[in-house]
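FYI, side chains are in, hydrogens and waters are out, and symmetry mates aren't considered; it's all heavy atoms of this structure. On a predicted model such as this, the values are computed, not experimentally measured, just so you know. So that the names make sense, note that chain A is the first sequence line, chain B the second, and so on, each numbered from 1.
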Amino acid sequence: MTQQRSDEELLKYIAQGDEEALVTLYDRYGRLVYSLAYQVLQDHQLAEEVTQDVFTRVWQAATSFDPKKSRFTTWLTSITRNRAIDILRRRRVRGLTGPGEAELNTAITRADERLSPEYHLEALAVREALRQLPPDQRQVIELAYFNGMTQREIAEHLNIPLGTVKTRMRLAMMKLRHLLSPVPSEDGKRKPPSVNPAPATRERKPERSASDQEGV
Amino acid sequence: MGEGIAAKEHTGAMSDQAHRFAWDNLPAYALGALEEDERRQVEAHLRHCSLCQEELAAWQETAHKLAYAVPFYDPPSHLRAVIRHVVAISPQTVAPAAVSTPRPARGNELASFLQRPYMFLTTLLILALGLVGWNVRLHRQMNTLRAEMSEVDEMRSVIVEYINNPSAFEHFTLEGPNGARAHLLYSSATNRLTLITDGLPWLGEDAVYTLWFHDGSGQRVLATVFRCDRTGRAIVVFEPPFPLENVTEITIMPSRATTPSSPVLNGRLKRHEGSPAIFVSSAL
Ligand SMILES: [Zn+2]
């Protein structure tokens, strides 16, 4: 029955000191947090530590979470990503750039029948969106998100001009935002983006044309 | 390019420029990819531009969806129990904006309780465990503590019972380097173990220790999680995860990998004929 509660409801219980609500939230998102931390750090023990820290943080800071400002999962993944990157920086270790092509293609099948349907759908949508990016754009955002590199560090790492990195990053983000933004449904509620969007009919934003050849 | 932004005046032109700069850099900001100085400029502007704040929220939502692209792994199965334990001993912060004070939950009461008489009590117990007989003064001090301790009945009852009848407990100790020490009191009547530590290395505010039982088949099972004060003292009551006679070895180690992750205390259980069993610590 607790399974039916929304994230926001669970957070309200957590803010009142309900430990079971936190465990329910862990059951729902522990795998996501752990997997993201592992992707960044490439180390199971560190991923475990990050996961423990993240859920302790959720427990401690549940009262300060404002659902009007962001989705819970955005908050959760941002805590996770930042914590993992902190450790990565301290250790000055660089892991992989991001999920490789093969992983994008196989991960969902090999992973989780146990994932909730929304989660599953979200994962499919994000992977599909990433696949639609030109490889050099995708590389830039993955170096930033999963490796914690700044634009300047990426430019040095790839040996390309800083302006090129900035342009690629911006284009990639615009495209992702476009592909992943929730489409309002008839009842006014947000629904997850469709996995195979019909490209021509979706919103505005011409971005493949002139703007795609990178600055500098 | 970009130099003009450095000026700090709040003229219309300047804040237009600052807005432009922030707006253009929000996607990179959401990805955490800006240089330190750029990041600070964006943040300075964000504080008073609701337009940019809203736009940032959208970019952040996009950026953090990247998390879903990673291959999924199952966390180790003991992690769920570790987290459950950790939150049970972690105080929650109250948001500054909170209007009503929520009733402090069990975890909170326990946590705030743990910060006061509990530590004094631990000190007493450590002292007491080193004594052969009980002295009256100690007994009296314990009595004055009873009132304060009414919240945590279990801990109180263990301690009171131990004071009154130490022979009802099996007492194990485990010693490590630099004065690190753990006592385990086991009551077969209640099937409860009380762990009392002293001199464990300080790990920092948020860090916790884990206690593991080994069953001789290569399996280790998380027995409990606890937090020490700066002198390495802690007390925790718990039910053993499996019968004590099957425990071949116990390990106490930090639960985090970034702090020293090797065992702080580790030892095998040895039982001696007719005398209390002891844990003999192995070399570390
Ligand atoms: Zn602005």
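- For the residue pair B:Ala67 and A:Leu32, the shortest heavy atom distance occurs at O-CD1, 3.9 Å.
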Under the criterion side chain to side chain contact (heavy atoms under 4.5 Å, CB included), I'd like the reasoning laid out for B:Leu31 against A:Ile141: C-alpha separation, chi angles, the key distance, then a yes or no.
CA-CA 7 Å; B:Leu31 281 171; A:Ile141 57 165; 3.6 Å; yes
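- With B:Lys65 contributing its side chain and A:Val126 its backbone, the two residues share no donor-acceptor pair below 3.5 Å.
- When the side-chain hydrogen bond (donor to acceptor under 3.5 Å, both in side chains) test is applied to A:Tyr34, the partners found at least two apart in sequence or on another chain are A:His44.
- Without hydrogens or angle criteria, A:Arg152 side chain to B:Ala33 main chain gives no donor-acceptor distance under 3.5 Å.
- Within 6.0 Å of atom CD in B:Glu54, 12 or fewer heavy atoms from other residues, nucleotides or ligands are found, so the atom counts as exposed in its surroundings.
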Before giving the answer on side chain to side chain contact (heavy atoms under 4.5 Å, CB included), spell out for B:Leu66 and A:Leu36 the whole-Å C-alpha distance, their side-chain angles and the decisive distance to 0.1 Å.
CA-CA 9 Å; B:Leu66 290 170; A:Leu36 174 57; over 6 Å; no
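- A 4.5 Å side-chain heavy-atom check between B:Gln60 and A:Ser78 finds every atom pair outside the cut-off.
- Between the NZ atom of A:Lys69 and the CG atom of B:Leu56 there is a distance of 11.5 Å, given to the nearest 0.5 Å.
- What you find for A:Met173 and B:Thr62 is that their closest heavy atoms are O-CG2, 4.1 Å.
- We find that A:Lys166 and B:Asp24 are not joined by a salt bridge, their nearest charged nitrogen and carboxylate oxygen being 4.0 Å or further apart.
- Checked by atom type and distance alone, the side chain of A:Thr150 never pairs as donor or acceptor with a backbone atom of B:Leu34 at under 3.5 Å.
- Pairing each heavy atom of A:Arg31 with each of B:Tyr73, the nearest pair is CG-O, 3.1 Å.
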Stepwise salt bridge (charged side-chain N to carboxylate O under 4.0 Å, His left out) check, B:Arg84 with A:Glu20
CA-CA 8 Å; B:Arg84 186 192 286 275; A:Glu20 285 313 308; 2.4 Å; yes
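- The CZ atom of A:Arg170 sits 8.5 Å away from the CG atom of B:Leu26 when rounded to the nearest 0.5 Å.
- B:Gln53 does not touch chain A: none of its heavy atoms, backbone or side chain, sits under 4.5 Å away.
- For A:Thr73, the part sitting under 4.5 Å from any heavy atom of chain B is the side chain, from C-beta outward, and nothing else.
- Annotation: the span from A:Arg71 atom CZ to B:Glu61 atom CD amounts to 5.0 Å, rounded to 0.5 Å.
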Step by step, would you call B:Tyr68 with A:Leu124 a side chain to side chain contact (heavy atoms under 4.5 Å, CB included)?
CA-CA 8 Å; B:Tyr68 287 90; A:Leu124 282 174; over 6 Å; no
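- In terms of heavy atoms, B:Pro71 sits closest to A:Gln39 at CD-OE1, 3.3 Å.
- Around CZ of A:Arg57, the count of heavy atoms belonging to other residues, nucleotides or ligands within 6.0 Å does not exceed 12.
- When all heavy atoms of A:Ala123 and B:Phe72 are compared, the closest pair comes out as CB-CE1, 4.1 Å.
- Between the side chain of A:Arg177 and the main chain of B:Pro27, no donor-acceptor pair closer than 3.5 Å is present.
- For B:His85, no part lies near chain A; criterion is any non-hydrogen pair under 4.5 Å.
- Rounding to the nearest 0.5 Å places CZ of A:Phe55 at 8.5 Å from CG of B:Leu79.
- With a threshold of 4.5 angstrom between heavy atoms, A:Thr51 approaches chain B through its backbone and through its side chain.
- In this structure, the side-chain hydrogen bond (donor to acceptor under 3.5 Å, both in side chains) partners of B:Tyr29, at least two apart in sequence or on a different chain, are B:Glu43.
- With a threshold of 4.5 angstrom between heavy atoms, A:Ile154 does not approach chain B through any atom at all.
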